[in-house]
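Shown next, in structure tokens, is the structure this report addresses.
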Amino acid sequence: DSGDVLASWVPVVFAIITPISFTCGHLLIRVLTNEKYNICFSSTNLSLLSFFIDFSLLFIAAIIYWNTEIGHKVAPFDSQLLITGTVVSVLRTLSNTWIIKALSIGPQPVCIALVCTSNLFLVVVEAIRKQRMPSSIEFICLFVGFIGTLVLVIPDQLKKILFCRCSSKK
């Protein structure tokens, strides 16, 4: 069915667009917070302002949604869900503020490599939460992911560890 094919491409397109938009955002953060470009915007102000705007728009959309007939039929308002969402929002804002601060003062490849390890940690947390041992292919992927991060973060030290000191004597 053509609807199934179209539906399967939507997540793929979003998966491709997401890292591109993250990269553009990270480059913009570097430009807006770098003294070299004479903009010198505060990274903390930048992150909190952008998240305030994002969450305000989302909150307005949620109010409109729950005040429509469709919103009542799909999911009625739940105060527990609002509290959970608020806690998650605060944690996400804090983590993104720290990421923006790191991107504004540190080397971008290192910062991004460390930020991307969150996906690897999520796999470990989910395995623990579901009380399931990861398969051998999942272990290999986790190992390759961590090694890839180390290659970007500490390349010289990793080279010494992996290739021993015998290669440097030549």
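The figures here come from the full heavy-atom set of this structure, side chains too, leaving out hydrogens, waters and symmetry mates.
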Roughly how far apart are [X] [atom1] and [Y] [atom2], rounded to 0.5 Å?
| X | Y | atom1 | atom2 | result |
| --- | --- | --- | --- | --- |
| Leu28 | Ser21 | CG | OG | 12.0 Å |
| Ser42 | Leu32 | OG | CG | 11.5 Å |
| Leu103 | Cys111 | CG | SG | 5.0 Å |
| Ile100 | Ser43 | CD1 | OG | 7.5 Å |
| Lys160 | Gln157 | NZ | CD | 6.5 Å |
| Ile64 | Phe59 | CD1 | CZ | 11.0 Å |

Any chance you could pull the hydrophobic cluster mates of [X], using side-chain heavy atoms under 4.5 angstrom and chaining through other members?
| X | value |
| --- | --- |
| Val13 | Ile17 |
| Val88 | none |
| Leu120 | Phe121, Val123, Val124, Ile128, Leu142, Phe146 |
| Leu58 | none |

Discussion item. With a 4.5 Å cut-off on side-chain heavy-atom distances among I, L, V, M, F, W and Y, is there a chain of contacts connecting Ile20 to Val12?
Written reply: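 Yes.
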Worksheet item: Any link between Leu114 and Val144 through a network of hydrophobic side chains (Ile, Leu, Val, Met, Phe, Trp, Tyr) touching at under 4.5 Å?
Response: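 No, separate clusters.
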Worksheet item: Among pairs that include at least one residue of residues 86-116, which meet ring pair (Phe, Tyr, Trp, His ring centres under 6.0 Å), considering only residues two or more places apart or in two chains?
Response: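 For residues 86-116: none.
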How would you list, by chain and number, every residue that makes a side-chain contact (heavy atoms from CB on, under 4.5 Å) with [X], sequence neighbours excluded?
| X | answer |
| --- | --- |
| Gln131 | none |
| Pro134 | Ala127, Glu138, Phe139 |
| Leu27 | Thr23, Gln108 |
| Thr93 | Leu48, Phe51, Phe55, Ser89, Thr97 |

Fill in: For Phe52, all residues meeting ring pair (Phe, Tyr, Trp, His ring centres under 6.0 Å), sequence neighbours excluded
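In terms of ring pair (Phe, Tyr, Trp, His ring centres under 6.0 Å), with neighbours along the sequence ignored, Phe52 is linked to no residue.
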Worksheet item: Closest heavy-atom contact between Arg30 and Ile105?
Response: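 Result for this residue pair: NH1-N, 3.9 Å.
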Worksheet item: Between Ala113 and Val153, which heavy-atom pair has the shortest distance, and what is it?
Response: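 Smallest interatomic distance, heavy atoms only, reads CB-CG2, 4.0 Å.
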Item to complete: Show your reasoning for whether side chain to side chain contact (heavy atoms under 4.5 Å, CB included) applies to Asn96 and Ile99.
Response: CA-CA 5 Å; Asn96 283 326; Ile99 291 168; 3.7 Å; yes
Worksheet item: Checking side chain to side chain contact (heavy atoms under 4.5 Å, CB included) against Ile154, which of Val151, Asp156, Leu150 comes through?
Response: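 When side chain to side chain contact (heavy atoms under 4.5 Å, CB included) is applied between Ile154 and each of Val151, Asp156, Leu150, only Leu150 qualifies.
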Discussion item. Closer than 3.5 angstrom, by distance alone: can the side chain of Thr18 be matched with the main-chain N or O of Ala15 as a donor-acceptor pair?
Written reply: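 Answer holds: no.
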